[in-house]
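None of these values were measured; they are calculated from a predicted model. Here is the naming used below: chain letters follow the sequence lines, and residue numbers restart at 1 for every chain.
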Amino acid sequence: MRASQLFIPTLREVPAEAEVISHKLLLRAGFIRKAAAGVYTLLPLAWRVIKKIEQIVREEMDREGGQEIMMPVIQPAELWQESGRWDVYGPELFRLKDRHGRDFCLGPTHEEIITDLVRHEISSYRQLPRLLYQIQNKYRDERRPRFGLMRGREFIMKDLYSFDRDTAGLDESYKKMYGAYTRIFQRCGLRFRPVEADSGAIGGKDTHEFMVLAESGEATVLFCPQESCGYAANDERAETPPDLWTAGGEPAPLQEASTPGSHTVAQVTAALGVDPRQIIKTMLYRTEQGVVAALVRGDREVNEIKLQKAANVLRLELADASTVRQITGARVGFAGPVGLPGVKIIADREVMALVNAVAGANRDETHLINVNPGRDFTPHLVTDLCLARAGDPCPHCGAPLEAARGIEVGQVFKLGEKYSRALNATYVDENGQTRYMVMGCYGIGVTRTMAAAIEQNHDQNGIIWPVSIAPYQAVVVPVSNKEPAHMALAEKVYRDLAAAGMEVVLDDRDERPGVKFKDADLIGYPLRLTIGNRTVESGQVEVRRRGGGETVPVPVDDVVETVRQILAQS
RNA sequence: CGGGAUGUGGCGCAGUUUGGCUAGCGCGCUUGCCUUGGGAGCAAGAGGCCGGGGGUUCAAAUCCCUCCAUCCCGACCA
């Protein structure tokens, strides 16, 4: 393509709305434009990148036996009511009504639709397993869309759904997808890490997230630095072997201490001169089964996912000030487990190891000292409630875990029978028995993958596309489009490359060379071929790799082969 | 959802506090000349319901009310 004909509206200045680098560069380099908050038009360059990522995804899905289908974006409420998610999904679900007043939603995911399809069309074990996938727009009315394509309200997802006869079959499908995902992100040129994750709202058992490592990532992952171990999990999932620290000593009599104004751990440690680990932090949560108190050591934070599981509740939210007052009789910051009636108390293991600890007294401006778990209060349950952090021991090998930020670009789930039961998706096995299908679902955020690639591959001048997903592989830049010798050679090089099957742009715009170079760097073509006075007389072309590498003169007749080799190596 | 900020040609901004006369600047855009190895120069132009609605006033980008949009921060660790 000729740059003079291409729709690539680059910007010299950064639009004020962009925060992260991928958003800034996508706007500046002319890849995207915003239509509404979290909703974008993908311009030709972005669409080319998306199609390349999609193609990689397709090839790897097909290789594992996946079959592509297209499902509706608009989904009837009935199916969501049948699965129970119409009420559970909350305000993130885009809801709408048709002219008759019937309820619909814009699909944030397609378990309902596909399970409905499969229950009607598949009835025998002979038809299983089935792996069906789609690549299309999905919708979530995010409470806060941000970071451009990283957290949009409309985005492109690949979702594959597996239907198996039993859990052994599911394990097989899961393994296939895990392998496919590893290949996909490798082929996209990304530095990533699969981590153990929590299944969250979609429900299910095993799950891994594929995290692209980048500072701008919204998720925290913890991983074991020991290569032989390889443990990695997100911070919500990571198990925390208990640190049974104790100040020791003999249990002393319970006492009250006046702690005016000390409603945080830091303030209490300062007021009483104790180690934060000596404090029992009491967090009150509202659930559909009443208020639950979570106890963790003062230096720890509550992991709400673990708490939710331990409490076996569906909904969990931190109690507001008036609820705290009602339960404890005190303002926020003075809750404690001693004499806390009518509240289910769940304690972390580390709390139980403490001797003569400090806790809120359930009275304003007062704490208790010499609190001894087991003597002064007895939790209903003791378990792991800690949010993991760097430095915690690896649950497998004990080495201190390291933390990193990650962008979640893919997730693989074992759903089990959750949806097949809810929607009655059954088959008849070889013994004539009716059984529920066993499902898995496997998503990749395609638009987010594009953004993540930029987060990981850029410099101060612009994007540095991995060759496999670059919108074009090379740009040919004649230094002057008024110089017949430059243009003639540029045209030849351009045609030769195109004839050899390369995706190449000829920058034939009537611009000064500086402008073309700046745009080439900004857009991030992996290769730039420059034609100017320095080499044109000797019949050479300068070849330069984006993102490092020197400018190398190459004889015209060798250009195609040289480019082919460089691209093959990348 | 809570808090904060912003909304002025395509982009980035000034002007608003202290109402006033043709609403400015840089970039981009158009035309011409000139120039061509890292976002050139000169000249002449085009382009603005000052986010919407309502109000105050002789007079509103500027003051008041209201709505909308966008961005940021937070969403509670007791």
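On the C1' atoms, B:rG48 is 12 Å away from B:rG24, given to the nearest whole Å. Using P as the reference atom, B:rG51 and B:rA44 are 31 Å apart when rounded to the nearest Å. Comparing the same atom, P, in B:rC29 and in B:rC11 gives a spacing of 15 Å after rounding to whole Å. Between B:rC68 and B:rG28, the two C1' atoms lie 29 Å apart (nearest whole Å). Rounded to whole Å, the P atom of B:rU66 lies 26 Å from the corresponding atom of B:rC72. Nucleotides B:rC1 and B:rG47, compared at atom C1', are 41 Å apart to the nearest Å. Separation of the C1' atoms belonging to B:rG15 and B:rU56 is 22 Å when rounded to the nearest angstrom. The C1' atoms of B:rU62 and B:rG45 are separated by 30 Å, rounded to the nearest whole Å.
Note on A:Val324: a base of the nucleic acid sits closer than 4.0 angstrom, heavy atoms only. Within 4.0 Å of A:Asn481, counting heavy atoms only, lies no atom of the nucleic acid at all. Among the atoms of the strands shown, none is found under 4.0 Å from any heavy atom of A:Gly360. Using a 4.0 Å heavy-atom criterion, one finds that A:Gly333 contacts the bases of the nucleic acid, with or without backbone contacts as well. No contact: A:Arg325 has no heavy atom under 4.0 Å from any strand. Using a 4.0 Å heavy-atom cutoff across all strands shown, A:Arg143 reaches at least one base atom of the nucleic acid. Residue-level contact check: A:Pro15 touches the backbone only, with heavy atoms under 4.0 Å from sugar-phosphate atoms and none from bases. Within the 4.0 angstrom heavy-atom criterion, only backbone atoms of the sugar-phosphate kind lie near A:Val14; the bases stay farther away. When heavy atoms are screened at a 4.0 angstrom cut-off, A:Lys516 is found touching no nucleic acid atom at all. A:Ala330 comes within 4.0 angstrom of nothing in the nucleic acid, heavy atoms only. Nucleic acid contact for A:Arg297: none, since no nucleic acid atom lies under 4.0 Å from a heavy atom of the residue. At the heavy-atom level, A:Thr264 lies under 4.0 Å from the strands shown only through sugar-phosphate atoms. The residue A:Thr328 sits apart from the nucleic acid: no heavy atom pair falls under 4.0 Å. Within the 4.0 angstrom heavy-atom criterion, base atoms lie near A:Glu304.
With RNA chain B read from its 5' end, the first of the two nearest nucleotides for A:Asp510 and A:Ala266 is the one closest to A:Asp510. Where A:Leu522 and A:Phe334 meet RNA chain B, the nucleotide closest to each residue was compared, and A:Leu522 sits on the side nearer the 5' end.
The closest side-chain heavy-atom distance from A:Glu256 to A:Leu368 is below 4.5 Å. With contacts defined as side-chain heavy-atom distances shorter than 4.5 Å, the pair A:Tyr139/A:Arg153 does not qualify. Two residues are said to be in side-chain contact when any heavy atoms from C-beta on lie closer than 4.5 Å; A:Leu567 and A:Met502 meet this criterion.
Separating the CD1 atom of A:Ile531 from the P atom of B:rU36 is a distance of 19 Å, rounded to the nearest angstrom. Following rounding to the nearest Å, A:Asp507 (CG) and B:rG39 (P) show an atom-to-atom distance of 15 Å. If you take CD of A:Glu301 and P of B:rA78, they are 8 Å apart, rounded to a whole angstrom. Between the CG atom of A:Asp141 and the P atom of B:rC1 there is a distance of 10 Å, given to the nearest Å. Put simply, NZ on A:Lys24 is 15 Å from C1' on B:rC11, counting in whole angstrom units. A:Arg146 places its CZ atom 8 Å from the P atom of B:rG74, with the value rounded to the nearest Å. Between the CG atom of A:Asp320 and the C1' atom of B:rA78 there is a distance of 13 Å, rounded to whole Å. Distance CG (A:Leu318) to P (B:rG2): 18 Å, rounded to an integer number of Å.
When distances run from any side-chain atom of A:Lys518 to the nucleotides B:rG38, B:rA78, B:rG37, the shortest one goes to B:rG38. Picking from B:rU36, B:rA78, B:rC72 the nucleotide with the shortest atom distance to the side chain of A:Glu19 gives B:rC72. In this structure, the nucleotide among B:rG39, B:rU36, B:rC71 sitting nearest to the side chain of A:Val515 is B:rG39. For A:Arg528, whose side chain is taken as the heavy atoms from C-beta onward, the closest listed nucleotide among B:rU36, B:rC71, B:rG38 is B:rG38. Distances were taken from every side-chain heavy atom of A:Lys34 (C-beta onward) to each of B:rG38, B:rC71, B:rU36; the shortest belongs to B:rC71. When each of B:rA40, B:rU70, B:rG12 is scored by its nearest atom to the side-chain atoms of A:Ala16, the top-ranked nucleotide is B:rG12. Comparing B:rU35, B:rC27, B:rA78 by their closest approach to the side chain of A:Lys482 singles out B:rU35.
With both pairing distances under 3.5 Å, B:rC25 is matched to B:rG12 as a Watson-Crick or G-U wobble pair.
Scanning atom types as modelled, no donor and acceptor separated by under 3.5 angstrom connect the side chain of A:Asn533 and the base of B:rG37. At a cut-off of 3.5 angstrom, the base of B:rG41 holds no donor-acceptor pair with the side chain of A:Arg512. Judged by distance alone with a 3.5 Å cut-off, a donor-acceptor contact links the side chain of A:Arg28 to the base of B:rG39. With hydrogens and angles ignored, a donor-acceptor pair closer than 3.5 Å exists between the side chain of A:Glu13 and the base of B:rG26. A:Asn461 contributes no side-chain N or O that forms a donor-acceptor pair with the base of B:rG38 under 3.5 Å.
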Could you go through the side-chain contact (heavy atoms from CB on, under 4.5 Å) check for A:Tyr285 and A:Gln308 one step at a time?
-> CA-CA 10 Å; A:Tyr285 287 86; A:Gln308 187 169 5; over 6 Å; no

A:Phe377 vs A:Val371, side-chain contact (heavy atoms from CB on, under 4.5 Å): CA-CA, chis, key distance, verdict = CA-CA 8 Å; A:Phe377 69 92; A:Val371 175; 3.8 Å; yes

What do the steps show when you test A:Leu354 against A:Gln278 for side-chain contact (heavy atoms from CB on, under 4.5 Å), and what is the final call?
-> CA-CA 7 Å; A:Leu354 297 175; A:Gln278 192 70 350; 4.3 Å; yes

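In this pair, A:Tyr472 and A:Tyr525 present their aromatic rings tilted. The plane angle is within the 30 to 60° band.
Under the 6.0 Å distance and 45° angle rule, A:Arg140 does not count as a cation-pi partner of A:Phe155.
Here the shortest heavy-atom pairing between A:Asp364 and A:Ala330 reads OD1-CA, 3.2 Å.
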